Amino acid sequence: MQFSKSATVLLLALCVAVTGCKKEAATGAKQEGPGKGVVLAEVNGATITDNDFYKEQAALPPYLKPMTETPEGKKEMIDTMVVRELIMQQAQKEGIDKSPDVAARLEDLKKRVIVEAFLKKKVEEIGKVTDAEMQDYYNKNKDKFQTGAQIRASHILVKSEDQAKDIEKQLKAGANFEDLAKKFSIDGAAQKGGDLGWFGKGSMIPDFEKVAFGMKEGQTSGIVKTQFGYHIIKVTGQRPAGARSLEEVKDQIKAALLPEKQQETFKKLKDDLKKQAKISVKEDALKGLKAPEGAKEGAQPAAGQPAQAK
């Protein structure tokens, strides 16, 4: 991935965040967050700390986060944060932050953030899936949780055999498998230490599967070549065919029940709020609403009707 081509994408992503740099002395003073308040950059007196970096990183979409976890990506991330701060400072110099339009949009954003925080709090507090509900669902749907024999495995995938051999030597010398996977593996499981989760036969490509299912739990393979490159596989778990226990499928059941439970919670909350309020909808005024001027300019002509000549 060319990080130099990602600057615009990262900048746009970071611009939607409401957090900014802190104007304080560059002393490395501690702030709240996962970092230690270490100053990473200074921009005309404003500082960007590791707290700011981690906060912005956490807010990025999942597909962008890996771009910020390499040395090049970190530099790109800091650069985009610096550029955003420069834009903010210049906008303030020009009085953009004091304009009526910005004030109105900030007020609208404030309402949306408060409503979102309220709903999140209430729905998460009330709309939880209980152990009893999961047990009931499990009892009524045991047939859904029947599986064949499964294994759990991790792997390190690289492009060249020479690199695979080097990694194999490091493993034999006592290196940690997960650490090497995070450092060298080129597939999507790298950030999870190469963990592929549980899978049964028929889930993976034959060359990979043949080796993985022939290993014992805790065993690490030699180098396995497939169409994707060179793998080193580690089997981390095994379970026989049969019904999965409730404990094994709790997350799966929760994912199935949670959306409906939260939707019910939201509906009840909405109905309760309406019952406690005085609400008067002016139907005549509602019917009289007109489309804003220019809203129809881009409309397509009706079927069979030619567009007017300009």
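These numbers come from a predicted model, not from an experiment. Excluded from the calculations below are hydrogen atoms, water molecules and symmetry mates; all remaining heavy atoms, backbone and side chain alike, are included.
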**Study point:** Closest non-hydrogen atom pair, Gln92 against Asp97
**Key:** CA-OD1, 3.5 Å
Point to revise | Within 6.0 angstrom of Met215 CE, more than 12 heavy atoms from elsewhere | key: yes
**Study point:** Presence of salt bridge, Arg239 and Glu248, under 4.0 angstrom
**Key:** yes
Review point. Checking Asn141 side chain against Tyr137 main chain: does a donor-acceptor pair fall under 3.5 Å?
Key: yes
Practice item. For the pair Thr47 and Glu42, evaluate side-chain hydrogen bond (donor to acceptor under 3.5 Å, both in side chains) and give the outcome as yes or no after the intermediate values. Key: CA-CA 5 Å; Thr47 59; Glu42 295 180 22; over 6 Å; no
Check your understanding: For the side chain of Asp50 and the backbone of Val38, is there at least one donor-acceptor N/O pair under 3.5 Å apart?
Key -> yes
Practice item. Go through the steps for Gln276 and Asp272 under the test side-chain hydrogen bond (donor to acceptor under 3.5 Å, both in side chains), then give the verdict. Key: CA-CA 6 Å; Gln276 298 168 23; Asp272 288 346; 5.7 Å; no
Review point. Between Lys110, Arg105, Lys111, Arg112, which is the residue that forms a side chain to side chain donor-acceptor pair (under 3.5 Å) with Asp108?
Key: Arg112
Practice item. Compute both the distance and the angle, then confirm whether Lys74 meets the cation-pi test with Phe53: under 6.0 Å from the six-membered ring centre, within 45 degrees of the axis. Key: no
Review point. Between Ile151 and Ile232, is there a shared hydrophobic cluster once you connect ILVMFWY residues whose side-chain heavy atoms come closer than 4.5 Å?
Key: no
Exercise for review: Inspect the surroundings of CD in Glu133 and state if more than 12 heavy atoms from other residues, nucleotides or ligands are less than 6.0 Å away.
Suggested key: yes
Check your understanding: Is there a chain of hydrophobic side chains (I, L, V, M, F, W, Y, each step under 4.5 Å between heavy atoms) that links Met88 to Val43?
Key -> no
**Study point:** More than 12 heavy atoms of other groups within 6.0 Å of Lys261 NZ
**Key:** yes
Revision key, fill the gap. Residues Ser154 and Asp195: closest non-hydrogen pair is OG-CA, 3.4 Å
Review point. Could you go step by step and tell me if Lys128 and Thr130 meet the side-chain hydrogen bond (donor to acceptor under 3.5 Å, both in side chains) rule?
Key: CA-CA 6 Å; Lys128 291 179 179 178; Thr130 66; over 6 Å; no
Review point. Any Lys/Arg nitrogen of Lys75 or Asp79 sitting under 4.0 Å from an Asp/Glu carboxylate oxygen of the other?
Key: no
Exercise for review: Flag yes if Phe266 and Leu258 sit in one hydrophobic cluster, no otherwise; membership is Ile, Leu, Val, Met, Phe, Trp, Tyr, and two members link when side-chain heavy atoms are under 4.5 Å apart.
Suggested key: no
Exercise for review: Decide if atom CD of Gln90 counts as having more than 12 heavy atoms of other residues, nucleotides or ligands within a radius under 6.0 Å.
Suggested key: yes
Review point. Which of these, Phe228, Phe184, Tyr230, Phe208, sits in a ring-ring contact (aromatic ring centres under 6.0 Å, His included) with His155?
Key: Phe208
Review point. Is the number of heavy atoms from other residues, nucleotides or ligands under 6.0 Å of Asp251 CG greater than 12?
Key: no
Check your understanding: Are the side chain of Thr236 and the backbone N or O of Arg152 linked by a donor-acceptor pair below 3.5 Å?
Key -> yes
Practice item. Determine, step by step, whether Asp271 and Lys267 satisfy the salt bridge (charged side-chain N to carboxylate O under 4.0 Å, His left out) criterion, reporting the C-alpha distance in whole Å, the side-chain angles of both residues, the deciding distance to 0.1 Å, and the verdict. Key: CA-CA 6 Å; Asp271 293 343; Lys267 185 179 183 304; 3.1 Å; yes
Review point. Looking only at heavy atoms, which two atoms of Ala212 and Val235 are closest? And how far apart?
Key: O-CG2, 3.6 Å
**Study point:** Minimal non-hydrogen separation, Lys122 against Leu269, with atom names
**Key:** CB-CD2, 4.0 Å
Review point. Tell me, do Lys250 and Asp131 make a side-chain contact under 4.5 Å, heavy atoms counted?
Key: yes
Practice item. Heavy atoms only: give me the nearest Pro259-Ala256 pair and the separation to one decimal. Key: CD-O, 3.9 Å
Check your understanding: Would a hydrophobic clustering, with Ile, Leu, Val, Met, Phe, Trp and Tyr connected at side-chain separations under 4.5 Å, put Val224 with Phe199?
Key -> yes
Practice item. May I ask you to decide if Val113's main-chain N or O and Glu116's side chain share a donor-acceptor pair within less than 3.5 Å? Key: no
Study note, to complete from the structure: Here the pair of heavy atoms bringing Val211 nearest to Ser221 is CG1-CB, 4.0 Å
Point to revise | Backbone N/O of Ile96 and side chain of Ser99: donor-acceptor pair under 3.5 Å | key: yes
Check your understanding: Is the count of non-hydrogen atoms from other residues, nucleotides or ligands lying under 6.0 Å from Gln227 atom CD greater than 12?
Key -> yes
**Study point:** Check: Phe213 main-chain N/O paired with Gln238 side-chain donor or acceptor under 3.5 Å
**Key:** no
Practice item. Under the salt bridge (charged side-chain N to carboxylate O under 4.0 Å, His left out) rule, what do Lys121 and Glu125 come out as? Steps first, then yes or no, please. Key: CA-CA 6 Å; Lys121 181 176 184 290; Glu125 282 179 356; 3.0 Å; yes
